[in-house]
Amino acid sequence: MESSSAAPQGSSRREATRQKLYEAAVTLIAEQGFSATTVDEIAERAGVAKGTVYYNFASKSVLFEELLRHGVGLLTASLREAAERTAREGRGRVDALDAMIRAGLVFIDRYPAFTQLYVAELWRTNRAWQSTLLVVRQEAVAVVEGVLREGVDSGEFSEEIDVPLTAAALVGMVLVAALDWKSFQPERSLDDVHAALSRLLQGRVSGRP
């Protein structure tokens with residue numbers, strides 16, 4: 001899972017190692033679960049010594065917590081960039097939401113194992129990293145909330161919209177639809193899935209006929 005910005009030269013080697021550990025951990029944990037995955041397996045899959053894992057992360061739990069923070073951070077950055085790009089182009093908030101839907105699908109297409117893991121963890125409440133998960137989830141949803149509020153303020157969206165719930169619903173729609181696409185309809189293209197969600201957005205959120 002590549003960082004959205006280049007690391008300084010002095011930390012590039014460590015960042016590369018952490019990226020390898022993220023990739024190994026997310027694949028293994030998605031395949032066999034957190035409890036069944038060992039640090040030895042993560043190190044072996046990443047092609048590093050076991051001590052390298054502990055040099056970068058204090059424990060397996062810390063590694064997983066940082067993996068969640070890193071992955072959702074990349075998703076949030078993708079959503080924010082999509083919204084900012086449409087604003088620079090002078091397009092409306094419906095177009096911004098549509099661009100974020102596509103950005104979310106592109107992210108999920110690129111990182112399906114992480115998305116599967118992230119959605120599964122949202123249903124669990126007894127994890128040590130639950131507070132971190134809630135924080136990073138809200139950061140992603142807040143990007144959508146911001147566009148919705150701008151749309152309400154400008155009159156593009158109805159004032160009756162429940163902004164927090166609608167934002168969460170849009171993010172959830174993309175996650176669940178994408179997982180269904182990857183699991184049960186893999187023959188469909190990203191463009192096809194995006195078009196279906198775009199039509200739903202145009203009809204439900206914007207109120208367009």
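All values reported here derive from a predicted model rather than from experimental measurement.
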Worksheet item: Got more than 12 heavy atoms from elsewhere within 6.0 Å of CD, Gln130?
Response: yes

Item to complete: Calculate, to the nearest 0.5 Å, the distance between atoms NE2 and CZ belonging to His194 and Arg199 respectively.
Response: 10.5 Å

Discussion item. Between Arg93 (side chain only) and Leu148 (backbone N and O only), is there a donor and an acceptor less than 3.5 Å apart?
Written reply: no

What donor-acceptor contacts under 3.5 angstrom involve side-chain atoms of residues 26-34, with partners at least two apart or in another chain?
| unit_1 | atom_1 | unit_2 | atom_2 | d |
| --- | --- | --- | --- | --- |
| Thr27 | OG1 | Glu23 | O | 2.9 |
| Gln32 | NE2 | Thr37 | OG1 | 3.3 |
| Gln32 | NE2 | Glu41 | OE1 | 2.9 |

Item to complete: For residues Phe157 and Val163, determine if any side-chain heavy atom of one lies less than 4.5 Å from a side-chain heavy atom of the other.
Response: no

Practice prompt. Determine yes or no for a side-chain-to-main-chain donor-acceptor pair under 3.5 angstrom, with Thr52 supplying the side chain and Val48 the backbone.
Written response: no

Worksheet entry | Residue list, salt bridge (charged side-chain N to carboxylate O under 4.0 Å, His left out) with Arg149, at least two apart or on another chain | Glu145

Practice prompt. Answer with yes or no whether the side chains of Asp98 and Ser198 bring together a donor and an acceptor at under 3.5 Å.
Written response: yes

Worksheet item: Under 6.0 Å between ring centres, would you say that holds for Phe57 and Tyr22?
Response: yes

Discussion item. Just verifying a value: how many Å separate Arg102 CZ and Asp109 CG, rounded to the nearest 0.5 Å?
Written reply: 10.0 Å

Worksheet item: Quick one: OG1 on Thr166 to CE on Met173, what's the gap to the nearest 0.5 Å?
Response: 11.0 Å

Worksheet entry | Spacing of NZ belonging to Lys20 relative to CG belonging to Asn56, to within rounding of 0.5 Å | 10.5 Å

Worksheet item: Hey, are Glu65 and Thr132 close enough side-chain-wise for a donor-acceptor pair under 3.5 Å?
Response: yes

Worksheet item: Under 3.5 Å, side chain of Ser154 to main-chain N/O of Gly151, donor-acceptor pair present?
Response: yes

Worksheet item: Does atom CD of Glu187 have more than 12 heavy-atom neighbours from other groups under 6.0 Å away?
Response: yes

Practice prompt. Please list, chain by chain and in numerical order, all residues satisfying side-chain hydrogen bond (donor to acceptor under 3.5 Å, both in side chains) with Glu121, sequence neighbours excluded.
Written response: Arg124, Arg127, Trp129

Worksheet item: Does Tyr55 have Arg14 sitting over its ring (NZ/CZ under 6.0 Å from centre, angle to axis within 45°)?
Response: yes

Discussion item. If you define the side chain from C-beta out and look only at heavy atoms, does anything of Phe184 sit under 4.5 Å from Leu179?
Written reply: no

Practice prompt. State whether the side chain of Trp181 and the backbone N or O of Arg188 hold a donor-acceptor pair below 3.5 Å, judged by distance alone.
Written response: yes

